[in-house]
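Every chain is numbered from 1, with letters handed out A, B, ... down the list of sequences.
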Number of protein chains: 2
Amino acid sequence: MIEIIIDIDDAVPQFAQLIEQIKGAVLTDKLSPGDALPSIRQLANDLQLNNKTVAKAYRLLERDAVIQTKGYRGTFVHPDAKTNSAVDLCTLVVSKLSATVEELRGSGVTDSEIRIAFGDVMNRRES
Amino acid sequence: MIEIIIDIDDAVPQFAQLIEQIKGAVLTDKLSPGDALPSIRQLANDLQLNNKTVAKAYRLLERDAVIQTKGYRGTFVHPDAKTNSAVDLCTLVVSKLSATVEELRGSGVTDSEIRIAFGDVMNRRES
DNA sequence: CGTTGTACCCTGCGTATGAATGGCACATCG
DNA sequence: CGATGTGCCATTCATACGCAGGGTACAACG
């Protein structure tokens, strides 16, 4: 069993703390590919978290290919977990966005306008 | 004199309404290159707006090369005003951002994460 | 049946942001 | 001096968003 500690008062969101610690456990070999992870409800109960919070962390971890959910059979550590735990998708996103934003700023576009346009782009999806 | 009407209850910000109407006047030849515009304080008084609101609109209009402020001599319609009024900088910004965002979404990045990363990018500047 | 992951609904709290307003000051022209 | 555009300081209000929580329900296994 791995030890996971969630600090409610931490500025870092709970689901993010969970992700960090699971990725950390993979990187330090406390979790190995194929290992079974506690179920969402189980872990939520152990850590005194809401199901949704744990589910969110699991969902993101699976998208990052750090874990693998096998439907009704539970959740397991992904074969390439160690590699994928090291990759910081967030950093990639930031750098990509940064490039675009810098380009726009260079064109004399106001930060406010960039924010507004960004909001539009993010909302246009559902309409 | 051109007629400008600002609707306080409109969802569109006042300064944006001002910009729209001035650009519109340029496109319909109610304003021609070289024409003098009312001073910031004057227009603010006429339209019952705050100086800052008008100043904001003028600042953005000048950046879009629709008007030209000649310091203490007042503000005038830019020689290329008609061309530049047609260009919607906002649209350009939206399309550029849209491309980047779509690319990220395609990589499986969550909208929330994009928003967070975007916020980081916009704030990292001052630090 | 019970457990698995997952999906949808709605709520409240805290924070961040923009919009608008106000005040004060400046340098430059005429 | 008076007018110009411009700068920085501040505040108030409303809105949007993320985070967390609660509830209910579903299909697919064992």
Side-chain angles (χ1 to χ4, degrees), chain A residues 6-19 36-45 47-63 67-76 90 110-126, chain B residues 6-19 36-45 47-63 67-76 78 90 110-127:
Chain A
I6 302 295
D7 180 7
I8 308 263
D9 299 328
D10 196 322
V12 178
Q14 301 172 12
F15 79 93
Q17 292 183 44
L18 226 188
I19 292 177
L37 274 79
S39 81
I40 289 183
R41 293 175 178 81
Q42 181 69 48
L43 190 56
N45 192 54
L47 299 179
Q48 291 293 302
L49 296 180
N50 188 281
N51 288 3
K52 309 307 186 66
T53 306
V54 179
K56 183 173 187 177
Y58 271 35
R59 184 171 7 107
L60 292 175
L61 280 170
E62 192 191 14
R63 190 212 49 194
I67 67 177
Q68 227 172 358
T69 113
K70 307 205 173 184
Y72 338 82
R73 283 171 305 252
T75 306
F76 305 87
C90 185
T110 298
D111 276 18
S112 315
E113 290 169 319
I114 297 180
R115 281 203 170 90
I116 294 173
F118 177 77
D120 286 350
V121 171
M122 299 305 282
N123 292 333
R124 288 277 180 274
R125 172 160 114 258
E126 38 236 306
Chain B
I6 302 296
D7 180 8
I8 308 266
D9 298 328
D10 195 324
V12 178
Q14 301 172 13
F15 77 93
Q17 293 183 43
L18 226 187
I19 292 176
L37 275 77
S39 80
I40 289 182
R41 293 174 177 81
Q42 181 69 48
L43 190 55
N45 192 55
L47 300 179
Q48 291 294 301
L49 296 180
N50 189 282
N51 288 2
K52 309 305 183 69
T53 305
V54 179
K56 185 174 187 178
Y58 270 35
R59 183 169 9 104
L60 292 175
L61 281 171
E62 192 189 15
R63 190 214 46 196
I67 65 176
Q68 229 173 358
T69 112
K70 308 206 172 184
Y72 339 83
R73 283 171 305 251
T75 306
F76 303 88
H78 188 95
C90 185
T110 298
D111 276 18
S112 314
E113 291 170 317
I114 298 180
R115 280 203 170 90
I116 294 173
F118 176 78
D120 286 350
V121 170
M122 300 303 284
N123 292 332
R124 290 276 180 276
R125 173 156 118 261
E126 38 238 303
S127 52

**Q** Nearest 0.5 Å, please: how far is CG in B/Leu37 from CZ in B/Phe76?
**A**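 The distance works out to 9.0 Å.
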
**Q** Would one find a side-chain N or O of A/Arg115 under 4.0 angstrom from OP1 or OP2 of C/dT17?
**A**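 The answer is yes; a side-chain N or O of A/Arg115 sits under 4.0 Å from OP1 or OP2.
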
**Q** Kindly state which residues belonging to residues 6-15 of chain B come within less than 4.0 angstrom of DNA chain C, counting heavy atoms of the residue only, listed by number.
**A**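 Output list: B/Pro13, B/Gln14, B/Phe15.
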
**Q** D/dT4 phosphate, OP1 or OP2: any side-chain N/O from B/Ser39 under 4.0 angstrom?
**A**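 It does, given that an N or O in the side chain of B/Ser39 lies less than 4.0 Å from OP1 or OP2 of D/dT4.
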
**Q** Whole Å only: how far is the CD atom of B/Gln48 from the C1' atom of C/dT21?
**A**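 In whole Å, C/dT21 C1' lies 14 Å from B/Gln48 CD.
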
**Q** CD1 of A/Ile116 versus C1' of D/dA16: gap in Å, rounded?
**A**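 Result: 13 Å.
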
**Q** Is the phosphate of C/dG22, meaning OP1 or OP2, less than 4.0 Å from a side-chain N or O of B/Asn50?
**A**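 For C/dG22, OP1/OP2 do have a side-chain N/O of B/Asn50 under 4.0 Å.
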
**Q** Closer than 4.0 Å, any side-chain N/O of B/Asn51 to the OP1 or OP2 of C/dG22?
**A**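 No, because none of the side-chain N or O atoms of B/Asn51 sits under 4.0 Å from OP1 or OP2 of C/dG22.
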
**Q** Are any of the side-chain heavy atoms of A/Tyr58 and A/Thr69 separated by less than 4.5 Å?
**A**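 No - every pair of side-chain heavy atoms lies 4.5 Å or more apart.
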
**Q** Rounded to whole Å, please give me the gap between CG in B/Leu47 and C1' in C/dT21.
**A**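 Computing the B/Leu47:CG to C/dT21:C1' distance gives 16 Å.
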
**Q** For B/Phe118 and D/dA16, what is the distance between atoms CZ and P respectively, to the nearest whole Å?
**A**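 Taking atom P of D/dA16 as the reference, CZ of B/Phe118 is at 17 Å.
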
**Q** So, is B/Thr75 near the phosphate of D/dT4, with a side-chain N or O under 4.0 Å from OP1 or OP2?
**A**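 Result: no.
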
**Q** If you look at every strand shown and take non-hydrogen atoms under 4.0 Å, does A/Glu62 touch a base, only sugar-phosphate, or nothing?
**A**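 Sugar-phosphate: the residue A/Glu62, judged by heavy atoms under 4.0 Å, touches backbone atoms but no base.
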
**Q** Please find the pair of heavy atoms, one from A/Arg41 and one from A/Asn51, that lie closest to each other, and give the distance.
**A**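 Distance-wise, the nearest heavy atoms are CG-ND2, 3.6 Å.
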
**Q** Nearest 0.5 Å please: distance from the CD1 atom of B/Ile6 over to the CG atom of B/Leu18.
**A**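 It comes to 4.5 Å.
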
**Q** Find the distance A/Leu60:CG to C/dG5:P and express it as a whole number of Å.
**A**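 Between P of C/dG5 and CG of A/Leu60: 15 Å.
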
**Q** When you compare the side chain of A/Gln14 with that of A/Leu47, does any pair of heavy atoms fall below 4.5 Å?
**A**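 No, too far: nothing below the 4.5 Å cut-off.
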
**Q** Establish, with yes or no, whether the OP1 or OP2 oxygen of D/dC19 is under 4.0 angstrom from a side-chain nitrogen or oxygen of A/Thr53.
**A**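 So the side chain of A/Thr53 is outside the cut-off, no N or O lying under 4.0 Å from OP1 or OP2 of D/dC19.
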
**Q** By nearest nucleotide on DNA chain D, pick out whichever of B/Arg59 and A/Lys56 is the more 5' one.
**A**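 Nearest nucleotide further toward 5': that of B/Arg59.
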
**Q** Evaluate the side-chain proximity of A/Asp111 to A/Arg115: yes if any heavy-atom separation is below 4.5 Å, no if none is.
**A**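 Counting from C-beta outward, A/Arg115 and A/Asp111 do come under 4.5 Å.
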
**Q** What is the distance from NZ of A/Lys70 to P of C/dT6, rounded to the nearest Å?
**A**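 Taking atom P of C/dT6 as the reference, NZ of A/Lys70 is at 14 Å.
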
**Q** Could you tell me whether the side chain of A/Thr110 and the main chain of A/Glu113 form a donor-acceptor pair under 3.5 Å?
**A**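 A pair under 3.5 Å: no.
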
**Q** Of B/Arg41 and B/Leu49, whose nearest nucleotide on DNA chain C comes first from the 5' end?
**A**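 Nearer the 5' end of the strand: B/Leu49.
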
**Q** Distance check needed: D/dC19 C1' versus B/Asp111 CG, whole Å only.
**A**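 These atoms are roughly 16 Å apart.
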
**Q** Between atom OH in A/Tyr72 and atom P in C/dT6, what is the gap in whole Å?
**A**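 Those two atoms, OH and P, are 10 Å apart.
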
